[in-house]
Amino acid sequence: MSKMISELLVEDMTAEERERAERVESILPTLRERATATDKEGQFNPENVRLLADAGLLGLVVPKQYGGLGGGLRDWAAACFAIGTVCPSTGLAYFFHNTSASRGTLALSALEEGLFNAEEAPKVKAFAEKVLYTMGRDAKWLANYASESVKSEHSAITITTQAEKVDGGWLLNGEKSFGCATGVADQYLVTAALKGISDASALSTFIVNRDAKGTRGRIEWDAMGMRGTATEGLVLEDVFVADDDALGIPGAFARSCQMSRSSFVGNQVAASVIYMGGAVAAYQSAVKLMKDKKFVDTGKPVGTGPYQQQIIGEMYANLQTALLWARRQIQIESSEPPMVSKDEVVKFWRTCKGQIAEHSFQVAIAALKCAGTSGTMFSTPYSRALRDLAMGLVQAFPAEKGRLDTASLVIEGEEQNAFGKG
C-alpha cells in the first residue's frame with residue numbers, strides 16, 4: 001500500500017481516515033497544475049471549488065447524517081496539510097470553509113449538554129442543521145467571517161458588526177477585515193453583535209448569501225503570499241437576513257464555543273499545518289535539486305558539499321520540529337477520551353502555532369539558499385514558499401503573542417477572552 005503525503009503528518013490513519021485522505025490525494029495533481037497561475041494572478045481559482053465538491057470534500061468534517069464524510073480534526077489537518085504541499089492558498093481557503101461546520105457541530109453538542117432551554121432548542125437545532133446540510137448534502141462552499149480590524153486589550157477578536165432586529169429578520173452593518181473566499185463562496189457565515197446588548201452574549205451568527213444586497217469586498221487582496229485566497233474581507237451595509245438564517249439568541253454563540261476542545265472554536269492547527277505543507281514541498285524540491293545538480297569538476301551531487309549539507313541538516317531539523325509540535329497538538333485535541341484538560345490543550349496551542357510557523361518559515365529560507373539566485377524567480381517553488389510561509393508568521397497571532405499568552409496561562413491560569421463586543 002503506497003504512502004500518501006498526508007501520512008507524513010497523521011501516521012496512524014484508520015481505514016476510514018485513509019479513504020477520506022485518498023480523496024484528497026486524488027485532487028493534488030490538478031491543484032498543483034493550477035497553483036503557479038493562482039499565485040501569479042493573485043486570484044482564487046473557482047474551478048478548485050468544483051474540484052473539491054466533486055471529490056465530496058466540502059463535507060469532510062460534516063457528520064454523515066447531514067450528507068458529509070464524518071471526518072474529524074485528524075482528517076481536517078491531514079487534508080489541509082496535503083493541499084498545502086501543492087497550493088497553500090487553496091488550503092487556507094478550504095480550512096476556513098471547514099471552520100463553518102463548527103457553527104453547526106458545536107451548537108448541537110451544546111444542545112446535548114442542555115445549555116439551551118426548551119424555547120431556544122428548536123431554533124438552535126434548525127440553524128445548526130441548516131449549516132451542516134448546506135455543507136454536506138448540498139455541497140455548498142461557505143466562508144466564515146469573524147475577525148475585524150478593531151483591537152481590544154481584553155479580547156483576541158472584537159466584534160463591532162451589529163445586527164438590528166427588524167420585521168422578519170435582521171439588518172447587519174459592519175466590516176470584516178479577514179476571511180477567505182469573498183465573492184467565491186456560495187454563502188457567508190457572519191458573526192455579529194446583537195444591538196442593545198453590551199457584553200459577549202451579544203455575539204450571534206448569520207447566514208448571508210454571496211450576492212445579498214449591501215455586501216461587497218473590503219479590499220483588493222494583493223498580498224505577497226497566499227495570493228489565491230480571495231481574502232478581501234467583507235463590508236455589510238443594511239444587509240437583510242431572514243429569521244430562518246439567523247441564530248439571534250443572546251449567548252448562543254458563547255455557549256456553543258464552550259464545547260470546543262481548544263480555544264475559540266478549536267481545530268486551528270488545521271490552518272497551521274498548511275504552512276508546514278508548504279515547507280515540506282520546499283524541502284523536497286531543495287533536496288531533489290541538491291541530488292540532481294552536480295559539481296562540474298567531480299561529478300558529485302552538489303548536496304555532498306559541506307556548506308550545502310549544513311543547510312540541508314538545518315532544514316531537516318526545522319521540519320521535524322514543526323511536525324512534532326503539530327502531531328502533539330492534533331493528538332491532545334482529538335484523542336478520545338481526552339488525554340489532558342482543555343486548559344492544557346489551550347496552553348499548548350498558544351505556543352504550538354508560533355512554533356509551526358517559525359520552523360516552517362526557516363525551512364523556506366534554507367530551501368531558497370539551496371536554490372540560489374535562480375530560486376528567487378517569482379514562480380519558483382522556493383520563492384512561492386518563502387512568500388506563502390511568511391503569512392504564517394502573522395496570521396491569527398504571531399509567535400511572540402502566543403508565548404506571552406502561554407506564560408500568562410502558566411502563571412495566572414486564565415486565558416484571554418476569545419471574543420469581545422466593541
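By convention here, the first residue in the shown sequence is residue 1.
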Salt bridge or not between Arg227 and Asp222? Use side-chain N to carboxylate O under 4.0 Å. yes

Is the NZ atom of Lys125 crowded by more than 12 outside heavy atoms at less than 6.0 Å? no

Please collect all salt bridge (charged side-chain N to carboxylate O under 4.0 Å, His left out) contacts where either partner lies in residues 369-388, sequence neighbours excluded, each pair once. Asp39-Arg387

Hey, are the side chains of Lys291 and Thr304 touching, using non-hydrogen atoms and a 4.5 Å cut-off? no

Rounded to the nearest 0.5 Å, what separates atom CG in Leu171 from atom CD in Glu237? 12.5 Å

Please answer whether the main-chain N or O of His97 pairs with a side-chain N or O of Ser100 as donor and acceptor at a distance below 3.5 Å. yes

Parallel, tilted or perpendicular, judged at 30° and 60°: which one describes the rings of Tyr66 and Tyr133? perpendicular

Donor-acceptor contact present, side-chain Ser26 to main-chain Arg23, <3.5 Å: yes

For residues Ser341 and Asp343, is any side-chain donor paired with an opposing acceptor at under 3.5 Å? no

Please confirm whether the backbone N or O of Leu234 pairs with a side-chain atom of Arg218, one donor and one acceptor, at under 3.5 Å? no

Taking atom types as modelled, is there a side-chain donor on Arg328 or Gln331 under 3.5 Å from an acceptor on the other? yes

Quick one: does Thr191's side chain have a donor or acceptor within less than 3.5 Å of a partner on Thr205's backbone? no

Test ring pair (Phe, Tyr, Trp, His ring centres under 6.0 Å) on Phe348 and Trp325; report intermediate values, then the result. CA-CA 9 Å; Phe348 192 87; Trp325 276 95; 4.9 Å; yes

Distance-only side-chain donor-acceptor flag, Thr406 / Thr351, under 3.5 Å: yes

Please check: side-chain N/O of Glu175 versus main-chain N/O of Leu236, any donor-acceptor pairing under 3.5 Å? no

Test your reading of the model: is there a side-chain donor-acceptor pair from Thr161 to the backbone of Ala192, 3.5 Å cut-off? no

Trp76 and Phe95 aromatic centres sub-6.0 Å: yes

Donor-acceptor side-chain pairing of Ser260 and Ser262 below 3.5 angstrom: no

For Phe116, which residues count as a ring-ring contact (aromatic ring centres under 6.0 Å, His included) partner, sequence neighbours excluded? none

Kindly determine whether Arg18 and Asp75 satisfy salt bridge (charged side-chain N to carboxylate O under 4.0 Å, His left out), including the steps that lead there. CA-CA 9 Å; Arg18 186 173 178 84; Asp75 300 271; over 6 Å; no

Quick one: does Lys195's side chain have a donor or acceptor within less than 3.5 Å of a partner on Gln162's backbone? no

Does CD belonging to Glu119 count more than 12 external heavy atoms closer than 6.0 Å? no

Ionic contact status for Lys347 with Glu412, cut-off 4.0 Å: no

Taking Arg103 for its side chain and Phe127 for its backbone only, find out whether a donor-acceptor pair lies under 3.5 Å. no

Within a radius of less than 6.0 Å around CE of Met377, do more than 12 heavy atoms belonging to other residues, nucleotides or ligands occur? no

For the NZ atom on Lys130, are there more than 12 heavy atoms of other groups (residues, nucleotides or ligands in this structure) within a distance under 6.0 Å? yes

State, to 0.1 Å, how close Ile249 and Ser204 come at their nearest heavy-atom pair, and which atoms those are. O-OG, 4.1 Å

Test your reading of the model: is there a side-chain donor-acceptor pair from Tyr382 to the backbone of Ser285, 3.5 Å cut-off? yes

Output side-chain donor-acceptor pairs under 3.5 Å for residues 312-321, partner residues at least two apart or in another chain, one line each.
residue	atom	partner	partner atom	Å
Glu314	OE2	Gln310	NE2	3.0
Asn318	OD1	His359	ND1	2.7
Asn318	ND2	Glu314	O	3.1
Thr321	OG1	Ala317	O	2.8

How about Gln187 and Arg210: do any of their side-chain heavy atoms sit closer than 4.5 Å? no

Quiz item: cation-pi between Lys353 and Phe397, 6.0 Å / 45°: yes

